[in-house]
Amino acid sequence: EPSLITNQALTYVFEGITDDGRYYVSATFPLVAPILPADFSPEEAAKRGFDPAFRLPDRAAERKYADYFKRTARELEQLPPDKFQPDLARLNNLLSSLNIRGRD
């Protein structure tokens, strides 16, 4: 669905398997990135050059949205971990410190 990428929906997702392969681990945390708007609004859409009412399959709108999506993803990937709230390095440390013991 074409919509602005916002802090309202930004999420850190972790999925993994314990070292012994016995357990699946999943964690999600809401995130905030300084480069994203708080939420979708017509004003935020206009700032980014979008008509908030645009609908696909308008080919020009599809290309414009694809470019916006790629650009925003690149910008998020280039942000240092400490620019996110909470700090991504802290989340990584928290998750790597988990010690899961099953019942034997």
side-chain contact (heavy atoms from CB on, under 4.5 Å) filter on A27, not counting sequence neighbours, yields F14, F29, L95
Hits for side-chain hydrogen bond (donor to acceptor under 3.5 Å, both in side chains) against E15, two or more places apart or cross-chain, chain-then-number order -> Y24
Counting C-beta onward and ignoring hydrogens, is there a side-chain heavy-atom pair between P86 and L31 closer than 4.5 Å? yes
Answer yes or no: is there a donor N or O on one side and an acceptor on the other, between the side chain of Y68 and the main chain of I5, under 3.5 Å? yes
So OG1 of T72 and CD1 of I35: to nearest 0.5 Å the spacing works out to 6.5 Å
Give, for atom CZ of R90 and atom CD of Q85, the distance between the pair rounded to the nearest 0.5 Å. 9.0 Å
Determine the minimum heavy-atom distance between S96 and N93, stating which atoms define it. OG-O, 3.1 Å
Sidechain N-carboxylate O distance under 4.0 Å for K47, E44: yes
OG1 of T6 to CZ of F40: how many Å apart, nearest 0.5 Å? 9.5 Å
Under 3.5 Å, side chain of T28 to main-chain N/O of V13, donor-acceptor pair present? no
Restricting to ring pair (Phe, Tyr, Trp, His ring centres under 6.0 Å), what partner residues turn up for F69, sequence neighbours left out? none
Please report the shortest heavy-atom distance between S97 and L94, naming the atom on each side. OG-O, 2.7 Å
Hey, does P34 have a side-chain heavy atom less than 4.5 Å from the side chain of L79? yes
Considering only heavy atoms from C-beta outward, does the side chain of N7 approach that of L36 to under 4.5 Å? yes
Connected-component partners of V32 among ILVMFWY, side-chain separation under 4.5 Å: none
Pairwise distance CZ(R74) to CD(E77) - rounded to 0.5 angstrom: 8.5 Å
Taking side-chain hydrogen bond (donor to acceptor under 3.5 Å, both in side chains) as the definition, give me every residue that meets it alongside D19, ordered by chain and number, with sequence neighbours left out. none
If you take all heavy atoms of A33 and L76, which pair is closest and at what distance? CB-CD2, 3.7 Å
Contacts of K64 meeting side-chain contact (heavy atoms from CB on, under 4.5 Å) (sequence neighbours excluded), chain-then-number -> F50
Contact check, side chains of I17 and V25, non-hydrogen atoms, under 4.5 Å: no
